[in-house]
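Contents: one structure, followed by commentary.
Order of the sequence lines sets the chain letters (A, B, ...), proteins ahead of strands, with each chain counted from 1.
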There are 2 protein chains.
Amino acid sequence: MKNRSLYPIKTVSEKTGLSTFIIRAWENRYKAISPSRTDSNRRLYCEKDIQRLQYLHEAIKQGHTISSIAGLTTVQLQELLQINSVSAEAGFQDMSSLTEFLNGCLEAVENLDNQKLESELLSASVSAPQQVVLDKLIIPLMIKIGDYWKSGRFRVTHEHLATQVVKNYLMNVVNSYRQIENAPVLVVSTPNGQKHEIGALLGAVVGASEGWKPVYLGPDLPAEEIAFAAQKLNAKAIMLNVVYPEDDPRLIEEVRKIIKCDSVNAGVILTGKGINFYSDKFTEAGAFLVNTPAELRTTLENIRK
Amino acid sequence: MKNRSLYPIKTVSEKTGLSTFIIRAWENRYKAISPSRTDSNRRLYCEKDIQRLQYLHEAIKQGHTISSIAGLTTVQLQELLQINSVSAEAGFQDMSSLTEFLNGCLEAVENLDNQKLESELLSASVSAPQQVVLDKLIIPLMIKIGDYWKSGRFRVTHEHLATQVVKNYLMNVVNSYRQIENAPVLVVSTPNGQKHEIGALLGAVVGASEGWKPVYLGPDLPAEEIAFAAQKLNAKAIMLNVVYPEDDPRLIEEVRKIIKCDSVNAGVILTGKGINFYSDKFTEAGAFLVNTPAELRTTLENIRK
DNA sequence: CGTTCTTATACATAAGTTATACAACTATTA
DNA sequence: TAATAGTTGTATAACTTATGTATAAGAACG
């Protein structure tokens with residue numbers, strides 16, 4: 001019961017980012033906090049005290065003054081911080097609020113602040129439906145980052161860091177769906193030479209939301225490997241994301257290999273901007289070309305039958 | 001009863017990293033520990049005593065003071081450190097139980113069952129302390145997969161799929177640490193040409209557990225990009241993981257570029273199997289070479305000062 | 001006999017305490 | 001608008017406590 005984890009003021013200072021001066025001043029001047037004391041009169045802070053200080057810190061960052069919030073209970077502080085973030089969303093509905101998140105994400109990327117980027121994504125995902133977050137935040141975000149990169153405003157580093165965080169976010173989204181027994185398997189990957197993963201993961205999310213069991217193999221795999229996985233898992237569909245339309249005749253060959261593989265009994269779906277360059281050859285070979293999440297949904301539904 | 005081995009204070013000092021002065025002072029001043037004695041009054045420490053000292057040491061690193069924790073029972077210390085008591089009591093069973101998990105993971109990989117692989121990792125991580133999961137499960141797992149691949153038992157697909165899941169798991173572990181404000185920044189990446197990410201992420205976990213703020217940029221980045229990020233984030237350390245020792249003189253050049261960059265004011269730490277191939281040149285250039293998680297911890301601690 | 005351990009004492013530094021002061025703002029008042 | 005008063009973060013002084021480290025003198029070990 002008594003989780004006696006008590007910390008001295010220095011540790012609290014390090015954990016909250018508040019100077020020891022401030023912490024003492026807030027106690028003396030505003031009774032903002034009342035730590036217990038050792039026999040020798042030293043302050044001892046428990047976890048709750050630390051959390052309260054973090055709330056106070058956060059509220060001040062949001063523009064409140066210490067004198068106006070010092071008297072609030074910790075619960076009231078929580079509400080104060082909640083109300084602020086909710087009201088930001090409540091005021092403007094879906095569209096504009098996600099624009100806010102988008103700007104927040106871009107700012108986080110610019111500052112290479114993966115922590116903030118992640119928290120923006122998470123708060124967005126509780127304030128809007130999954131599909132909206134994908135369409136109106138994740139996809140625009142990655143496009144914007146690409147644009148900024150081309151225009152020289154962002155560097156490779158920015159794109160790299162964002163990719164890591166978004167990938168992780170998307171994988172967690174996919175995992176959050178897992179429950180259905182005997183769901184049809186959807187093998188997800190990108191063909192040899194295609195290193196961008198976000199599109200593939202977006203497809204995996206759609207698949208999961210449609211009741212499939214996505215198995216993400218990672219990017220940049222040879223046809224034989226993808227075919228092997230599809231066979232081993234007895235997959236009903238294979239989804240491949242293609243970003244670069246550059247003239248790579250091997251790409252067609254790779255896709256064709258998978259489709260022609262006798263042991264593979266799965267529909268092959270191609271997604272991504274890169275697919276339209278060769279669209280004829282792909283459809284000819286028997287692949288499904290898909291440009292939007294909505295199309296992907298219906299295609300998956302059709303294959304499932 | 002138990003064939004308990006008893007150790008003199010010097011051995012205990014070496015095992016725990018605490019000076020003999022400290023160990024005696026903690027006993028005399030705070031009754032933090034009560035070793036048995038020989039007939040001639042010399043201190044004798046059993047395994048449990050050593051473990052207790054290690055817990056105390058760990059708790060102090062986390063910001064507690066010796067006076068406030070010396071009176072806790074060993075179980076309370078475990079709770080304080082959030083160490084699962086089941087596994088701690090199990091003691092030697094640790095090994096075999098993680099072997100179970102390891103086999104489960106390998107089976108999951110063999111069947112390309114990412115879902116099962118993930119759930120194995122998650123169950124392991126609640127039944128053993130983080131560090132043990134990393135040392136005894138994650139690392140051996142990736143090694144085994146590499147071995148199986150070389151021997152032809154696994155294919156690229158297996159390795160790819162496992163990498164995705166493990167990566168995701170490790171990123172979530174890193175994220176679970178975040179609390180300290182103004183923590184020193186640790187930029188984590190792999191140099192140009194190095195595509196394996198697991199080692200880098202393992203380093204990020206260690207960094208996070210030591211109170212740093214790891215910023216993972218993703219793999220395969222040119223020196224300029226890494227230097228840019230380090231500068232922008234005012235990083236205190238840069239950690240680069242190198243797997244392939246193959247003769248790539250550009251690698252040394254890349255690392256040297258980062259170290260020599262004037263605007264970067266960070267210690268450069270190299271990890272991974274690949275580093276020993278060129279160890280002389282790297283140390284010459286001013287990098288810290290690190291081979292084990294323990295070494296990484298102490299190196300980070302030194303740089304932080 | 002040199003090494004390691006013991007207790008007791010001493011010391012240095014880090015870190016904590018209160019009280020007071022101060023500078024930079026903000027808000028109020030004349 | 002300028003003067004004034006309050007707010008708030010930061011700094012210093014003087015002192016105490018906490019904690020790591022060192023020394024001295026003797027005892028035990030191998």
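The side chain to side chain donor-acceptor pair (under 3.5 Å) test applied to B:Arg42 returns no partner, not counting sequence neighbours. B:Glu197 pairs by the salt bridge (Lys or Arg N to Asp or Glu O under 4.0 Å) definition with B:Lys167, not counting sequence neighbours. Residues passing the salt bridge (Lys or Arg N to Asp or Glu O under 4.0 Å) test with B:Lys257 are B:Glu224, B:Glu254, sequence neighbours excluded. Checked against salt bridge (Lys or Arg N to Asp or Glu O under 4.0 Å), A:Lys61 has the following partners two or more places apart in sequence or in another chain: B:Glu181. Contacts of B:Asn175 classified as side chain to side chain donor-acceptor pair (under 3.5 Å), with partners at least two apart in sequence or in another chain: A:Glu118, B:Arg178.
Within 4.0 Å of B:Ser19, counting heavy atoms only, lie sugar-phosphate atoms of the nucleic acid but no base atom.
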For a quick test of your reading: what N or O donor-acceptor pairs under 3.5 Å do the side chains of residues 198-211 of chain B make, sequence neighbours left out?
unit_1: B:Ser209; atom_1: OG; unit_2: B:Val206; atom_2: O; d: 2.7
unit_1: B:Ser209; atom_1: OG; unit_2: B:Arg297; atom_2: NH1; d: 3.1
unit_1: B:Glu210; atom_1: OE2; unit_2: B:Arg297; atom_2: NH1; d: 2.9

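Toward the 5′ end of DNA chain D lies the nearest nucleotide of A:Ala25, the other residue of the pair A:Ala25 and A:Asp39 mapping further downstream. Two residues, B:Ser67 and A:Phe21, neighbour DNA chain D, and the one matched to the more 5' nucleotide by heavy-atom proximity is A:Phe21.
In terms of phosphate contacts, A:Trp26 brings no side-chain nitrogen or oxygen within less than 4.0 Å of OP1 or OP2 of D:dT8. Residue A:Tyr30 places no side-chain N or O under 4.0 Å from the OP1 or OP2 atom of D:dT7.
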Can you give me the N/O atom pairs linking the protein to nucleotides 20-25 of chain C at distances under 3.5 Å, or say none if there are none?
none

Are any protein N/O atoms closer than 3.5 Å to N/O atoms in nucleotides 5-7 of chain C? If there are, list each pair with its distance.
unit_1: C:dC5; atom_1: OP1; unit_2: B:Lys10; atom_2: N; d: 3.4
unit_1: C:dC5; atom_1: O4'; unit_2: B:Arg42; atom_2: NH1; d: 3.3
unit_1: C:dT6; atom_1: OP1; unit_2: B:Arg43; atom_2: N; d: 2.4
unit_1: C:dT6; atom_1: OP1; unit_2: B:Arg43; atom_2: NH1; d: 3.2
unit_1: C:dT6; atom_1: OP2; unit_2: B:Arg24; atom_2: NH1; d: 2.6
unit_1: C:dT6; atom_1: OP2; unit_2: B:Arg43; atom_2: NH1; d: 3.1
unit_1: C:dT6; atom_1: O5'; unit_2: B:Arg43; atom_2: NH1; d: 3.2
unit_1: C:dT6; atom_1: O3'; unit_2: B:Arg37; atom_2: NH1; d: 3.3
unit_1: C:dT7; atom_1: OP1; unit_2: B:Arg37; atom_2: NH1; d: 3.2
unit_1: C:dT7; atom_1: OP1; unit_2: B:Arg37; atom_2: NH2; d: 3.2
unit_1: C:dT7; atom_1: OP2; unit_2: B:Arg43; atom_2: NH1; d: 2.9
unit_1: C:dT7; atom_1: OP2; unit_2: B:Arg43; atom_2: NH2; d: 2.7

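Counting to the nearest Å, the C1' atom of C:dA14 and the CD atom of A:Glu14 are 13 Å from each other.
Checking side-chain atoms of A:Thr163 against main-chain N and O of A:Glu159 turns up a donor-acceptor pair under 3.5 Å.
Applying the salt bridge (charged side-chain N to carboxylate O under 4.0 Å, His left out) definition to pairs two or more places apart or across chains, none involves residues 274-294 of chain B.
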